[in-house]
Amino acid sequence: MRWRSPSLPLLLLFACFLVPIVCKVTKPEFRICAYNLQRFNAMKASNYRVKHALIRILSRCDISLLQEVMDPEGKAIKALLAALNRYSERETDRYENYHYKSVASKSLGTKPDNMQQYVFIYRTETVSVLSQHQYQKKQSFAREPFAVFFQSQKTAIKKFILVPLHTEPKQAVREVDRLYDVFTEVSKKWDNKNVMFLGDFHAGCAHMTKHDKKKIRLFQTKFSWLISDKVDTTVTEDTSCAYDRIVVHGEPFLKGIIPYSAKVFNFGKEFKLPRSKVMEVSDHFPVEVRLKSSALLLQATPLLILLSICMVVQSFVPSL
(Lines give C-alpha, C1' and ligand atoms only; values in the text may rest on other atoms or scores of the structure.)
Protein backbone atom coordinates (compact mmCIF):
# COMPACT_ATOMS: atom_id res chain seq x y z
CA MET A 1 0.00 0.00 0.00
CA ARG A 2 1.45 3.34 -1.06
CA TRP A 3 1.77 6.17 1.41
CA ARG A 4 0.09 9.41 0.27
CA SER A 5 1.20 12.64 1.82
CA PRO A 6 -1.72 14.99 2.40
CA SER A 7 0.73 17.91 2.46
CA LEU A 8 1.71 17.75 -1.23
CA PRO A 9 -1.60 18.95 -2.69
CA LEU A 10 -1.66 21.64 -0.03
CA LEU A 11 1.89 22.63 -0.98
CA LEU A 12 0.86 22.85 -4.60
CA LEU A 13 -2.11 25.03 -3.74
CA PHE A 14 -0.06 27.26 -1.46
CA ALA A 15 2.77 27.69 -3.98
CA CYS A 16 0.43 28.60 -6.81
CA PHE A 17 -1.44 30.98 -4.52
CA LEU A 18 1.81 32.83 -3.78
CA VAL A 19 2.55 33.61 -7.43
CA PRO A 20 0.05 36.46 -7.84
CA ILE A 21 0.97 37.80 -4.40
CA VAL A 22 4.64 38.12 -5.36
CA CYS A 23 3.66 39.89 -8.58
CA LYS A 24 1.34 42.25 -6.73
CA VAL A 25 3.73 43.22 -3.94
CA THR A 26 6.61 44.02 -6.30
CA LYS A 27 6.10 47.45 -7.90
CA PRO A 28 8.34 47.47 -10.99
CA GLU A 29 8.11 51.17 -11.79
CA PHE A 30 10.27 54.22 -11.20
CA ARG A 31 8.69 57.50 -12.20
CA ILE A 32 10.49 60.70 -13.24
CA CYS A 33 8.34 63.83 -13.47
CA ALA A 34 8.83 67.43 -14.61
CA TYR A 35 6.57 70.34 -13.76
CA ASN A 36 6.65 74.08 -14.51
CA LEU A 37 5.14 75.57 -11.33
CA GLN A 38 4.61 79.09 -12.73
CA ARG A 39 6.27 81.50 -10.31
CA PHE A 40 6.34 79.23 -7.28
CA ASN A 41 7.34 81.25 -4.23
CA ALA A 42 6.72 81.38 -0.48
CA MET A 43 3.32 83.03 -0.93
CA LYS A 44 2.17 80.38 -3.40
CA ALA A 45 3.52 77.62 -1.13
CA SER A 46 1.38 78.96 1.72
CA ASN A 47 -1.80 78.40 -0.31
CA TYR A 48 -3.29 75.23 1.17
CA ARG A 49 -5.07 74.14 -2.03
CA VAL A 50 -1.91 74.58 -4.11
CA LYS A 51 0.26 72.77 -1.57
CA HIS A 52 -2.20 69.90 -1.17
CA ALA A 53 -2.43 69.39 -4.94
CA LEU A 54 1.37 69.52 -5.25
CA ILE A 55 2.06 66.91 -2.59
CA ARG A 56 -0.43 64.55 -4.24
CA ILE A 57 1.36 65.07 -7.56
CA LEU A 58 4.91 64.79 -6.20
CA SER A 59 4.16 61.75 -4.02
CA ARG A 60 3.67 59.74 -7.23
CA CYS A 61 7.23 60.35 -8.43
CA ASP A 62 10.66 59.05 -7.45
CA ILE A 63 12.24 62.18 -8.92
CA SER A 64 10.42 65.43 -9.66
CA LEU A 65 11.93 68.37 -11.50
CA LEU A 66 10.32 71.68 -10.51
CA GLN A 67 10.82 74.73 -12.70
CA GLU A 68 10.10 78.42 -12.32
CA VAL A 69 10.83 78.21 -8.60
CA MET A 70 11.41 81.70 -7.18
CA ASP A 71 12.66 80.83 -3.74
CA PRO A 72 16.19 82.19 -3.13
CA GLU A 73 15.90 81.72 0.64
CA GLY A 74 14.56 78.17 0.27
CA LYS A 75 11.48 78.74 2.41
CA ALA A 76 8.91 77.58 -0.16
CA ILE A 77 10.71 74.33 -0.97
CA LYS A 78 11.40 73.67 2.73
CA ALA A 79 7.67 74.02 3.50
CA LEU A 80 6.73 71.85 0.53
CA LEU A 81 9.18 69.12 1.55
CA ALA A 82 7.92 69.14 5.14
CA ALA A 83 4.33 68.76 3.95
CA LEU A 84 5.31 66.04 1.47
CA ASN A 85 7.13 64.02 4.15
CA ARG A 86 4.21 64.35 6.57
CA TYR A 87 1.85 63.19 3.84
CA SER A 88 4.07 60.19 3.09
CA GLU A 89 4.18 59.19 6.77
CA ARG A 90 0.37 59.29 6.98
CA GLU A 91 -0.14 57.06 3.97
CA THR A 92 -1.45 53.65 5.04
CA ASP A 93 -2.07 52.01 1.66
CA ARG A 94 1.59 51.80 0.68
CA TYR A 95 3.97 48.95 1.33
CA GLU A 96 6.57 51.47 2.48
CA ASN A 97 6.72 55.16 3.29
CA TYR A 98 9.19 57.47 1.59
CA HIS A 99 11.37 60.34 2.73
CA TYR A 100 12.02 63.18 0.29
CA LYS A 101 14.97 65.54 -0.11
CA SER A 102 15.80 68.24 -2.64
CA VAL A 103 18.75 69.56 -4.62
CA ALA A 104 18.51 72.97 -6.23
CA SER A 105 20.37 75.27 -8.56
CA LYS A 106 21.18 78.86 -7.72
CA SER A 107 18.79 81.54 -8.97
CA LEU A 108 19.17 81.86 -12.74
CA GLY A 109 18.01 84.44 -15.25
CA THR A 110 18.70 87.75 -16.90
CA LYS A 111 16.12 89.93 -15.14
CA PRO A 112 16.13 90.67 -11.39
CA ASP A 113 12.35 90.21 -11.17
CA ASN A 114 12.41 86.85 -12.97
CA MET A 115 15.21 84.85 -11.36
CA GLN A 116 14.34 81.16 -11.23
CA GLN A 117 15.70 77.91 -9.81
CA TYR A 118 15.64 74.33 -10.99
CA VAL A 119 14.75 72.05 -8.06
CA PHE A 120 14.82 68.26 -7.96
CA ILE A 121 12.80 66.52 -5.24
CA TYR A 122 13.63 62.84 -4.85
CA ARG A 123 12.89 59.77 -2.70
CA THR A 124 15.93 58.88 -0.63
CA GLU A 125 14.86 55.21 -0.47
CA THR A 126 14.94 54.73 -4.23
CA VAL A 127 17.55 57.13 -5.57
CA SER A 128 20.61 59.10 -4.49
CA VAL A 129 22.49 62.11 -5.81
CA LEU A 130 26.06 61.36 -6.88
CA SER A 131 27.00 64.83 -8.12
CA GLN A 132 25.68 68.08 -9.58
CA HIS A 133 26.94 70.55 -12.16
CA GLN A 134 25.90 74.05 -13.12
CA TYR A 135 26.45 74.80 -16.81
CA GLN A 136 28.37 78.08 -17.00
CA LYS A 137 28.00 79.44 -20.55
CA LYS A 138 25.49 82.18 -19.80
CA GLN A 139 25.41 83.50 -23.34
CA SER A 140 23.84 80.22 -24.45
CA PHE A 141 20.79 80.21 -22.15
CA ALA A 142 18.55 82.58 -20.25
CA ARG A 143 18.57 79.97 -17.44
CA GLU A 144 21.57 77.67 -17.76
CA PRO A 145 20.86 73.96 -17.26
CA PHE A 146 21.63 72.44 -13.85
CA ALA A 147 22.69 68.82 -14.35
CA VAL A 148 22.33 66.21 -11.59
CA PHE A 149 23.94 62.77 -11.65
CA PHE A 150 21.64 60.18 -10.04
CA GLN A 151 22.07 56.56 -9.01
CA SER A 152 19.38 54.01 -8.22
CA GLN A 153 19.46 50.32 -7.41
CA LYS A 154 15.76 50.18 -8.30
CA THR A 155 16.24 50.89 -12.00
CA ALA A 156 17.60 48.79 -14.85
CA ILE A 157 19.79 51.79 -15.77
CA LYS A 158 21.72 52.27 -12.51
CA LYS A 159 23.29 55.66 -13.18
CA PHE A 160 21.81 58.48 -15.24
CA ILE A 161 22.01 62.23 -15.68
CA LEU A 162 19.00 64.56 -15.63
CA VAL A 163 19.36 67.95 -17.29
CA PRO A 164 16.52 70.47 -16.91
CA LEU A 165 15.79 73.40 -19.17
CA HIS A 166 13.18 76.14 -19.02
CA THR A 167 13.72 78.11 -22.20
CA GLU A 168 13.03 81.74 -22.91
CA PRO A 169 10.15 81.44 -25.43
CA LYS A 170 11.69 83.65 -28.12
CA GLN A 171 15.01 81.79 -27.83
CA ALA A 172 13.56 78.27 -27.64
CA VAL A 173 15.04 76.98 -30.90
CA ARG A 174 18.55 78.23 -30.13
CA GLU A 175 18.48 77.05 -26.50
CA VAL A 176 17.20 73.55 -27.28
CA ASP A 177 19.85 73.19 -29.97
CA ARG A 178 22.55 74.12 -27.45
CA LEU A 179 21.49 71.29 -25.19
CA TYR A 180 23.70 69.18 -27.41
CA ASP A 181 26.70 71.12 -26.09
CA VAL A 182 25.48 70.47 -22.54
CA PHE A 183 25.22 66.77 -23.35
CA THR A 184 28.82 66.74 -24.58
CA GLU A 185 30.04 68.44 -21.41
CA VAL A 186 28.16 66.43 -18.75
CA SER A 187 28.55 63.03 -20.44
CA LYS A 188 32.31 63.61 -20.58
CA LYS A 189 32.45 64.99 -17.03
CA TRP A 190 30.80 61.91 -15.51
CA ASP A 191 31.74 59.37 -18.20
CA ASN A 192 28.08 58.50 -18.65
CA LYS A 193 25.91 58.94 -21.74
CA ASN A 194 22.60 58.02 -20.08
CA VAL A 195 21.33 61.59 -20.29
CA MET A 196 17.74 62.78 -20.08
CA PHE A 197 16.69 66.35 -20.88
CA LEU A 198 13.38 67.48 -19.45
CA GLY A 199 11.41 70.63 -18.81
CA ASP A 200 9.44 73.42 -20.42
CA PHE A 201 11.25 73.77 -23.74
CA HIS A 202 8.48 75.83 -25.38
CA ALA A 203 8.96 73.17 -28.07
CA GLY A 204 5.70 73.69 -29.89
CA CYS A 205 3.25 76.02 -31.59
CA ALA A 206 4.82 79.26 -32.86
CA HIS A 207 7.94 78.90 -30.68
CA MET A 208 9.17 75.78 -32.52
CA THR A 209 7.92 74.80 -35.97
CA LYS A 210 8.74 71.84 -38.20
CA HIS A 211 11.11 74.07 -40.16
CA ASP A 212 12.90 75.05 -36.92
CA LYS A 213 13.62 71.41 -36.08
CA LYS A 214 16.06 71.21 -38.97
CA LYS A 215 18.29 73.62 -37.03
CA ILE A 216 18.22 71.60 -33.79
CA ARG A 217 20.88 68.95 -33.27
CA LEU A 218 18.75 67.05 -30.76
CA PHE A 219 16.44 66.17 -33.67
CA GLN A 220 19.28 65.16 -35.98
CA THR A 221 21.31 62.87 -33.70
CA LYS A 222 20.76 59.89 -31.38
CA PHE A 223 18.09 61.45 -29.17
CA SER A 224 14.54 60.20 -28.66
CA TRP A 225 11.73 62.68 -28.01
CA LEU A 226 9.28 60.84 -25.73
CA ILE A 227 6.55 63.49 -25.62
CA SER A 228 5.22 63.92 -29.15
CA ASP A 229 4.36 67.16 -30.96
CA LYS A 230 0.64 66.36 -30.81
CA VAL A 231 0.47 66.29 -27.02
CA ASP A 232 -0.98 69.29 -25.18
CA THR A 233 0.93 70.03 -21.98
CA THR A 234 -0.92 73.27 -21.22
CA VAL A 235 -3.99 73.79 -19.04
CA THR A 236 -5.85 76.65 -20.71
CA GLU A 237 -8.34 76.13 -23.52
CA ASP A 238 -6.62 78.90 -25.50
CA THR A 239 -3.51 76.79 -26.17
CA SER A 240 -2.82 73.25 -27.34
CA CYS A 241 0.97 73.03 -27.40
CA ALA A 242 3.63 70.45 -26.58
CA TYR A 243 5.77 72.88 -24.62
CA ASP A 244 7.00 70.41 -21.98
CA ARG A 245 9.23 67.60 -23.22
CA ILE A 246 11.31 64.60 -22.18
CA VAL A 247 14.27 63.65 -24.39
CA VAL A 248 16.72 60.78 -23.83
CA HIS A 249 20.03 59.97 -25.44
CA GLY A 250 21.02 56.63 -26.88
CA GLU A 251 19.62 53.14 -27.30
CA PRO A 252 20.67 51.80 -23.85
CA PHE A 253 18.74 54.49 -21.95
CA LEU A 254 15.77 54.16 -24.30
CA LYS A 255 15.65 50.41 -23.64
CA GLY A 256 15.62 51.18 -19.91
CA ILE A 257 12.34 53.07 -20.27
CA ILE A 258 8.92 51.44 -20.13
CA PRO A 259 7.49 51.79 -23.66
CA TYR A 260 4.75 54.41 -24.08
CA SER A 261 5.01 55.48 -20.43
CA ALA A 262 5.90 59.09 -21.25
CA LYS A 263 2.77 61.20 -20.91
CA VAL A 264 1.07 64.25 -19.49
CA PHE A 265 -0.40 63.81 -16.02
CA ASN A 266 -3.77 65.55 -16.07
CA PHE A 267 -4.18 65.85 -12.34
CA GLY A 268 -7.33 67.93 -12.77
CA LYS A 269 -9.07 64.92 -14.26
CA GLU A 270 -7.38 62.49 -11.87
CA PHE A 271 -8.19 64.50 -8.72
CA LYS A 272 -11.55 65.76 -10.04
CA LEU A 273 -10.52 69.42 -9.86
CA PRO A 274 -12.09 72.17 -12.00
CA ARG A 275 -9.84 74.00 -14.44
CA SER A 276 -9.85 77.10 -12.22
CA LYS A 277 -8.30 75.14 -9.33
CA VAL A 278 -5.73 73.54 -11.63
CA MET A 279 -4.76 77.01 -12.85
CA GLU A 280 -4.05 78.06 -9.26
CA VAL A 281 -1.17 75.58 -9.31
CA SER A 282 0.12 76.26 -12.83
CA ASP A 283 -0.85 76.84 -16.45
CA HIS A 284 1.13 73.68 -17.32
CA PHE A 285 0.48 70.02 -16.56
CA PRO A 286 3.32 67.80 -15.32
CA VAL A 287 4.93 65.36 -17.74
CA GLU A 288 6.35 62.02 -16.66
CA VAL A 289 8.09 58.84 -17.77
CA ARG A 290 8.69 55.48 -16.07
CA LEU A 291 11.96 53.57 -16.02
CA LYS A 292 12.18 49.81 -16.09
CA SER A 293 13.04 48.51 -12.68
CA SER A 294 15.60 46.02 -11.44
CA ALA A 295 12.67 44.68 -9.37
CA LEU A 296 11.56 42.87 -12.52
CA LEU A 297 14.57 40.60 -12.13
CA LEU A 298 13.87 40.10 -8.44
CA GLN A 299 10.27 39.39 -9.26
CA ALA A 300 11.14 36.81 -11.89
CA THR A 301 13.32 34.71 -9.57
CA PRO A 302 10.70 33.79 -6.92
CA LEU A 303 8.07 33.52 -9.62
CA LEU A 304 10.08 30.94 -11.55
CA ILE A 305 10.85 29.06 -8.34
CA LEU A 306 7.19 28.91 -7.38
CA LEU A 307 6.14 27.82 -10.85
CA SER A 308 8.80 25.11 -10.76
CA ILE A 309 7.47 23.89 -7.42
CA CYS A 310 3.97 23.74 -8.88
CA MET A 311 5.15 21.69 -11.85
CA VAL A 312 7.29 19.28 -9.80
CA VAL A 313 4.67 18.70 -7.14
CA GLN A 314 1.93 18.30 -9.73
CA SER A 315 3.97 15.60 -11.48
CA PHE A 316 4.26 13.62 -8.22
CA VAL A 317 0.69 13.97 -6.99
CA PRO A 318 -0.97 11.57 -9.49
CA SER A 319 1.56 8.83 -8.73
CA LEU A 320 1.12 8.99 -4.96
Side-chain angles (χ1 to χ4, degrees), residues 32-36 65-69 105-111 114-118 120 132-149 160-234 239-254 257 262 264 284 286-289:
I32 297 175
C33 307
Y35 195 13
N36 181 337
L65 162 66
L66 307 182
Q67 304 145 79
E68 214 168 305
V69 176
S105 72
K106 63 182 181 180
S107 294
L108 304 165
T110 56
K111 300 177 182 178
N114 191 29
M115 301 296 286
Q116 304 175 17
Q117 294 167 276
Y118 299 115
F120 287 99
Q132 53 187 279
H133 174 67
Q134 179 64 67
Y135 194 71
Q136 297 294 336
K137 296 179 181 178
K138 295 184 179 181
Q139 69 276 14
S140 298
F141 301 94
R143 290 169 285 273
E144 310 91 78
F146 172 68
V148 180
F149 192 19
F160 50 89
I161 302 166
L162 300 187
V163 182
L165 177 65
H166 178 206
T167 68
E168 194 65 25
K170 293 181 181 180
Q171 301 177 22
V173 174
R174 184 176 65 182
E175 290 191 16
V176 173
D177 173 64
R178 288 177 175 172
L179 283 177
Y180 187 86
D181 301 323
V182 181
F183 165 78
T184 301
E185 180 169 302
V186 299
S187 61
K188 183 178 180 180
K189 175 181 177 62
W190 289 314
D191 191 25
N192 190 305
K193 292 187 177 182
N194 297 323
V195 179
M196 177 184 292
F197 296 106
L198 64 172
D200 179 6
F201 294 177
H202 291 100
C205 294
H207 299 306
M208 187 176 293
T209 65
K210 290 183 179 180
H211 177 72
D212 291 328
K213 291 179 182 179
K214 297 177 182 179
K215 310 172 188 176
I216 298 174
R217 284 170 286 175
L218 258 63
F219 282 105
Q220 311 303 323
T221 51
K222 296 179 180 180
F223 291 87
S224 299
W225 289 65
L226 304 183
I227 302 292
S228 74
D229 294 344
K230 297 180 180 180
V231 173
D232 183 12
T233 68
T234 63
T239 57
S240 180
C241 304
Y243 285 157
D244 303 84
R245 299 297 186 109
I246 299 174
V247 181
V248 296
H249 171 266
E251 192 71 19
F253 203 175
L254 187 61
I257 291 172
V264 173
H284 290 247
V287 292
E288 62 181 50
V289 67

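These numbers come from a predicted model, not from an experiment. Both backbone and side-chain heavy atoms feed into the values below; hydrogens, waters and symmetry mates do not.
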Using only atom types and a distance under 3.5 Å, with no angle test, would you say the side chain of [X] pairs donor to acceptor with the backbone of [Y]?
X: E175; Y: A142; result: yes
X: H249; Y: V195; result: no
X: Q67; Y: D200; result: yes
X: R143; Y: Q116; result: no
X: N192; Y: S187; result: no
X: Y118; Y: H166; result: yes

Answer yes or no: is there a side-chain heavy-atom contact under 4.5 Å between M208 and I216?
->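 Yes, close enough: below the 4.5 Å cut-off.
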Please step through side chain to side chain contact (heavy atoms under 4.5 Å, CB included) for the pair L218 and W225, ending with a clear verdict.
-> CA-CA 9 Å; L218 258 63; W225 289 65; 4.0 Å; yes
Under the ring pair (Phe, Tyr, Trp, His ring centres under 6.0 Å) test, which residues partner F253, sequence neighbours left out?
->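 So F253 forms no ring pair (Phe, Tyr, Trp, His ring centres under 6.0 Å) with any residue.
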Partners passing ring pair (Phe, Tyr, Trp, His ring centres under 6.0 Å) against F146 (at least two apart in sequence or in another chain) =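 Per chain and number, F146 pairs via ring pair (Phe, Tyr, Trp, His ring centres under 6.0 Å) with no residue.
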Could you tell me how the ring of F197 sits relative to the ring of F223: parallel (under 30°), tilted (30 to 60°) or perpendicular (over 60°)?
->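 If you compare the ring of F197 with that of F223, the planes turn out tilted.
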What class does the angle between the rings of H284 and Y243 fall in, given that below 30° is parallel, 30 to 60° is tilted and above 60° is perpendicular?
->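 H284 and Y243: tilted rings.
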Count the heavy atoms of every other residue, nucleotide or ligand shown that sit under 6.0 Å from OH of Y180, and state whether that count exceeds 12.
->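 12 or below, so no.
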Under 4.0 Å between a Lys/Arg side-chain N and an Asp/Glu carboxylate O for D212 and K215?
->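 Counted as a salt bridge, because a side-chain N and a carboxylate O are separated by less than 4.0 Å.
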